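Take a look at the structure below.
Index from 1, following the sequence. Predicted model only: the values in this text are computed from it and were never measured.
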Amino acid sequence: MAPVKFGVGQSVLRKEDDALIRGKGRYTDDFAPSQALHALVLRSPHAHAKFIIDTTRARALPGVALILTADDVRDLGDLPCLFNLEVNPFTGPPYPILPRDEVRHVGDAIAFVVADTVDAARDAIEAIEVQWTQLAAVVGVRNAIKKDAPQVWKQHPGNVLFDVSIGDKKATDAAFAHAHAIAEISIVNPRVVVNFMETRAVVCEYDARRDHLTLTVGSQGSHRIREIIGGMVLKIPLEKIRVICPDVGGGFGTKLFPYREYALAAVAARKLRKTVKWTADRADHFMGDAQGRDNATTARMALAEDGKFLGMDVDLIGDMGAYLSTFGPYIPHGGAGMLPGLYDIRAFHCRVRTVFTNTVPVDAYRGAGRPEAAYVLERLVDAAARKLGMTVDAIRRKNFIPPRAMPYKTATGKIYDSGDFAAHLKRAMDIAEWKDFPKRAKAAKKHGLVRGIGLASYVEVCGTMGEETARVQLDPNGDVSVLIGTQSSGQGHQTAYAQIVAEQFALLPERVHVFQGDTDMIATGLGTGGSSSIPTGGVSVERATHELGQHLRDVAAEALETSASDLEISEGTIRVAGTDRSISFADLAKRPGVDPSKLNASATFTAADGTFPNGTHLAEVEIDPATGFIRVVNYVIVDDFGVTLNPLLLAGQVHGGAMQGIGQALMEEAVYSASDGQLQTGTFMDYALPRAADGPSFVFETHNVPCTTNPLGVKGAGEAGAIGSCPAVVNAIIEGLWREYKIDHIDMPATPERVWIAIREHQRRHSL
């Protein structure tokens, strides 16, 4: 069959963009009922302190409707952590909606103020009297595990939540005992603040007649918010709460979680019997939303004389912050499972520790543990190449898992179904003209610049969120609607799902309507996370569309007095093949006596295993030794995503993820004061984000090998760009610094200051 013009594999323009670029998008803050009250949160200025709060004067101010403190929400459940270890389960500390008398990070919420206007609420915030008794605070994972470190939670001595091992320590020790050489690195993956364009917000409406709540919230999943906020925190029947997610301006994992303000707005709305609205400002985001990354890792590779990897041993410490966010402990633990990467490493061991600090909680951020794993591994592989005097591409080819070994079970139990890793490495190097790099480095040196080149070959696991159900129905006008529990936050679901329908019905995208984010309209849903929407939700849409097509053929067969097997569907019409006899979708929908069940279909899919996208990122940088400034001058990506649904959407996802990785590699870091736990990078004056000028013109290709475990053949793509980018950029920086100065280490972010200091220190040592 010839490719459908708007079907799978076609670069269909995003159908949602027209409304968004014309300012017709509807985000949570755009929902502004005229009688809505406005809320603000009073946050702690201290990282660790006891407190006594007095709201008497604030409650008496004009326009103040309600002030909630811990006593007012004592019957609510805590925010839950939804991860635990199958072996060595742990008990986490409480994550209260409002703490009663002790705060544990700067920005910890202690009161929720509701007033007629935002200004009145701000006046009340300033009028609340709080007596603070500061306590010792600790920041940084290595500080947290020191013998005399201040304790965040008394029930977790040493600030350790869990200390577990993954892999086979005995076999790994044996591999190191017989190693020709050992490469070792000790690195930091810095904490980052997500900084999506749209800050979080919630509007809660209360229907007193039905005792019913409606939450409109910018989230990555309406059902998850309903189940946790409604069922676990508010402890109300789920039929008493509806959650609506309108347009969402970026999420990157951080909007997947429930937050205190959603429950507080619900409590306030019920008490006041009025609509309550809260919108975060950027300070709320920096101090109240889950942050990302923040690992300290030591990794070693046991090497044979010919460069073969004999074993890998890792010591990983992950910062949880002061409380356990929804999936927080899973991120370092789950990421550790991907540490062997694309390589045939049979002996592997990793010690994983998660620790508490007096900082904002840490949770999933684009890639959720897999970028951290790829960064450790690819930095270590380059260190191994330097140790043996091999080239970085040769040592990778020496150790890649070959295609003939698929399916391949890693030392951590992951089963890679497909891939040709050496092929995408070679293609990336060819595009980047790797062999001619010495000429470019020589030319840069004439201008006083150091040029560096680096690569990273990665694999990740995704598509493992669970089951997703899609319902596809024929509308009265002959259009098709898709109802599904995923949630777009910029990915292009309206377009992607329309293409899957178009593949079978040859229907124009504008005639396919996708509905997400409403728990009254859609019965179940996982939301969007872990690059699962197309690998899981896409399969459900494809299968439901196929079933609907069968139903419509049955109805049309009766109308056209023929056999269903003689019918074909195209462009909103069902036609008897080889004739001009047909019936339109619209006429079919309006046909008298048609069974309504024949006009819709549903399908549920859950993956038996994840998908494993992989690829090679190659970066080329220029370093100015006089200032430490780094410019990315060339960037090549060759990825394996199994099957490409929409090349245009895919390129946008990869570009966006790579820019986030470049930002982390070069400039992003959440910095807390070691002395008092103050967040020193709490505004855009202090926290740098990449702009368009900081990125290169990307060259992106795919070298796809269809996934054998996914019915569509796809491998998730939403997070991959952020996984290969950090190690590629830092490896490029170190390549240049090593060649010119024998500097073999720098931690992210490689800011001009850090690079300048490293070069000056080298020059100082060698001038003595």
Side-chain angles (χ1 to χ4, degrees), residues 4-8 10 12-22 24-27 30-31 216 221-223 242-248 468-525 527-528 533-534 536-549 551-552 555 569-574 584-590 594 596-604 645-646 648-649:
V4 177
K5 183 177 181 181
F6 300 105
V8 171
Q10 305 303 305
V12 178
L13 295 176
R14 285 167 44 114
K15 59 181 291 190
E16 48 267 82
D17 283 355
D18 184 73
L20 297 178
I21 63 177
R22 293 176 186 274
K24 295 181 179 179
R26 291 281 283 168
Y27 298 89
D30 293 321
F31 290 82
T216 301
S222 54
H223 294 87
R242 176 188 186 186
V243 177
I244 300 171
C245 293
D247 289 326
V248 179
E468 189 66 71
T469 298
R471 182 157 63 94
V472 180
Q473 64 187 33
L474 183 64
D475 297 334
N477 66 351
D479 289 355
V480 171
S481 288
V482 175
L483 293 85
I484 190 166
T486 56
Q487 177 65 48
S488 178
S489 56
Q491 295 90 341
H493 289 178
Q494 293 276 349
T495 305
Y497 291 140
Q499 287 183 254
I500 294 173
V501 173
E503 183 73 8
Q504 299 190 54
F505 289 171
L507 205 61
L508 293 174
E510 53 263 34
R511 294 191 60 188
V512 181
H513 312 286
V514 178
F515 296 93
Q516 303 175 91
D518 187 335
T519 58
D520 272 13
M521 181 182 292
I522 299 155
T524 63
T528 290
S533 291
I534 300 305
T536 304
V539 175
S540 300
V541 171
E542 191 271 342
R543 290 180 173 179
T545 304
H546 177 78
E547 184 180 336
L548 177 61
H551 290 178
L552 297 183
V555 176
I569 301 177
S570 181
E571 298 180 354
T573 299
I574 301 183
S584 71
F585 277 10
D587 287 341
L588 206 62
K590 291 180 285 192
V594 67
S597 68
K598 291 289 187 178
L599 302 181
N600 65 80
S602 65
T604 299
L645 174 59
N646 181 318
L648 195 64
L649 291 181

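- Of all heavy-atom pairs spanning Ser533 and Thr528, the tightest one is OG-OG1, 3.0 Å.
- The number of heavy-atom neighbours closer than 6.0 Å to CD of Glu571, taken from other residues, nucleotides and ligands shown, is 12 or below.
- A distance of 11.5 Å separates OG1 in Thr495 from CZ in Phe6, rounded to the nearest 0.5 Å.
- Contact detail for Gln10 and Lys5: the closest heavy-atom pair is CG-O, 3.3 Å.
- Proximity of a side-chain donor or acceptor of Glu16 to a complementary backbone N or O of Gln494 within less than 3.5 Å is detected.
- Inter-residue side-chain proximity for Leu20 and Tyr27 is flagged as met; some heavy-atom pair is nearer than 4.5 Å.
- A donor-acceptor pair under 3.5 Å is absent between the side-chain atoms of Glu468 and the main chain of Ser540, judged by distance alone.
- Within the 3.5 Å criterion, the main-chain N or O of Gly478 finds a donor-acceptor partner in the side chain of Arg511.
- Listed here is the closest heavy atom pair of Ala470 and Ala544: O-CB, 3.7 Å.
- One distance of note links CD1 of Ile534 with CD1 of Ile500; it measures 5.0 Å at 0.5 Å rounding.
- Going from atom CZ of Arg471 over to atom CD1 of Ile522 covers 8.5 Å, rounded to the nearest 0.5 Å.
- Here Arg14 pairs with Asp17 under the salt bridge (Lys or Arg N to Asp or Glu O under 4.0 Å) rule; sequence neighbours left out.
- For the atom pair Glu547 CD and Asn600 CG, the distance stands at 8.5 Å (nearest 0.5 Å).
- No side-chain heavy atom of Thr486 sits less than 4.5 Å from a side-chain heavy atom of Thr536.
- In terms of the side chain to side chain contact (heavy atoms under 4.5 Å, CB included) criterion, residue partners of Thr545 (sequence neighbours excluded) are, by chain and number, Val472, Val501, Gln504, Phe505, Val541.
- With respect to Ser489, the side-chain hydrogen bond (donor to acceptor under 3.5 Å, both in side chains) criterion is satisfied by exactly one of Gln491, Gln487, His493: Gln491.
- Remark: the backbone N or O of Val12 is paired with a side-chain donor or acceptor of Asn646 at under 3.5 angstrom.
- The closest side-chain heavy-atom distance from Leu548 to Gln473 is not below 4.5 Å.
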What verdict does the side chain to side chain donor-acceptor pair (under 3.5 Å) test give for Thr469 and Ser602, after you've listed the backbone C-alpha separation in whole Å, the side-chain angles of each residue and the deciding distance to 0.1 Å? CA-CA 7 Å; Thr469 298; Ser602 65; over 6 Å; no
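- The salt bridge (Lys or Arg N to Asp or Glu O under 4.0 Å) search around Asp247 returns none, not counting sequence neighbours.
- Side-chain contact between Val512 and Val482 is present, with heavy atoms from C-beta onward closer than 4.5 Å.
- Listed by chain and residue number, nothing satisfies the salt bridge (Lys or Arg N to Asp or Glu O under 4.0 Å) test with Lys15 (two or more places apart in sequence, or in another chain).
- The heavy-atom pair separating Asp520 from Asp518 by the smallest distance is N-OD1, 2.9 Å.
- Counting only heavy atoms from C-beta outward, the side chains of Phe31 and Ile244 never approach each other to under 4.5 Å.
- With sequence neighbours excluded, no residue forms a salt bridge (Lys or Arg N to Asp or Glu O under 4.0 Å) with Asp30.
- In this structure, NZ on Lys590 lies 12.5 Å from CG on Leu599, to the nearest 0.5 angstrom.
- Under the side chain to side chain contact (heavy atoms under 4.5 Å, CB included) criterion, His513 pairs with Asp475, Asp479, Ser481, Phe515, not counting sequence neighbours.
- The shortest distance between side-chain heavy atoms of Gln516 and Ser488 falls below 4.5 Å.
- Residues Asn477 and Phe585 fail the side-chain proximity criterion, which asks for heavy atoms closer than 4.5 Å.
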